[in-house]
Amino acid sequence: MFEKIRIKEHMEVVNSEGLHVGTVDALQDDKIKLTKSDSMDDMHHFLMIDDVEEITDNRVVLTKDARIPTGLGNKAEMAS
């Protein structure tokens, strides 16, 4: 298990396959706020801390079944 305080602004967020999902803007309670620049609708989106598998090499890696909002990242696979 990781400590959520290790999640820092500007860290890359990737899905379980290593594809870019977004960039951390801030940590708010048990949610990761992503930057607007990584979303198709130019809005902030949030990921749940529970959807994080690990933090490695300055990257936040999401679980295989993470709930990823539609329209994030350049090549992100959207969870069903």
Side-chain angles (χ1 to χ4, degrees):
M1 186 67 181
F2 65 92
E3 295 176 342
K4 71 179 184 179
I5 60 171
R6 291 183 52 209
I7 299 174
K8 304 290 184 196
E9 185 178 354
H10 304 298
M11 289 180 87
E12 180 181 23
V13 179
V14 297
N15 68 8
S16 62
E17 296 174 2
L19 298 176
H20 181 80
V21 170
T23 305
V24 176
D25 190 22
L27 194 60
Q28 293 182 350
D29 300 316
D30 286 337
K31 296 179 184 174
I32 301 169
K33 181 180 178 181
L34 301 176
T35 60
K36 292 184 200 180
S37 60
D38 283 308
S39 69
M40 295 175 87
D41 59 7
D42 198 35
M43 294 179 66
H44 289 287
H45 291 274
F46 294 85
L47 297 169
M48 299 302 295
I49 291 287
D50 293 345
D51 288 335
V52 175
E53 179 72 30
E54 64 180 339
I55 300 169
T56 181
D57 298 328
N58 204 36
R59 299 169 107 193
V60 177
V61 181
L62 301 175
T63 61
K64 185 174 181 171
D65 59 349
R67 299 159 296 224
I68 301 171
T70 302
L72 288 178
N74 299 330
K75 301 175 184 175
E77 298 275 332
M78 299 305 149
S80 28

Might you point out which heavy atoms bring Arg67 and Leu47 nearest each other, and give the distance in Å? O-CD2, 3.6 Å

Run Leu62 and Val13 through side-chain contact (heavy atoms from CB on, under 4.5 Å) and show every step you take. CA-CA 7 Å; Leu62 301 175; Val13 179; 3.9 Å; yes

Verify same cluster id: Ile68, Val24 (apolar side-chain graph, 4.5 Å): yes

Shortest non-hydrogen contact from Val21 to Asn15? CG2-N, 3.5 Å

Determine whether Val14 and Phe46 fall in the same hydrophobic cluster, where Ile, Leu, Val, Met, Phe, Trp and Tyr are linked whenever their side-chain heavy atoms lie under 4.5 Å apart. no

Transitive ILVMFWY side-chain link Val60 to Ile49, under 4.5 Å: yes

CD of Glu54 to CZ of Arg59, rounded to nearest 0.5 Å, is 10.0 Å

Please step through side-chain contact (heavy atoms from CB on, under 4.5 Å) for the pair Ile32 and Leu27, ending with a clear verdict. CA-CA 5 Å; Ile32 301 169; Leu27 194 60; 3.9 Å; yes

For Thr35, does its backbone N or O pair with a side-chain atom of His44 as donor and acceptor, under 3.5 Å? no

Kindly check if the number of other-residue, nucleotide or ligand heavy atoms within 6.0 Å of NZ (Lys31) is above 12? no

With clusters defined by side-chain heavy atoms of hydrophobic residues (ILVMFWY) lying less than 4.5 Å apart, directly or transitively, does Leu72 cluster with Met11? yes

Run the numbers on His45 and Asp38 for side chain to side chain donor-acceptor pair (under 3.5 Å), then give the verdict. CA-CA 9 Å; His45 291 274; Asp38 283 308; over 6 Å; no

Do side-chain atoms of Lys4 reach the backbone of Asp29 as a donor and acceptor pair under 3.5 angstrom? yes

Does CG in Asp57 sit with more than 12 non-hydrogen atoms of other residues, nucleotides or ligands closer than 6.0 Å? no

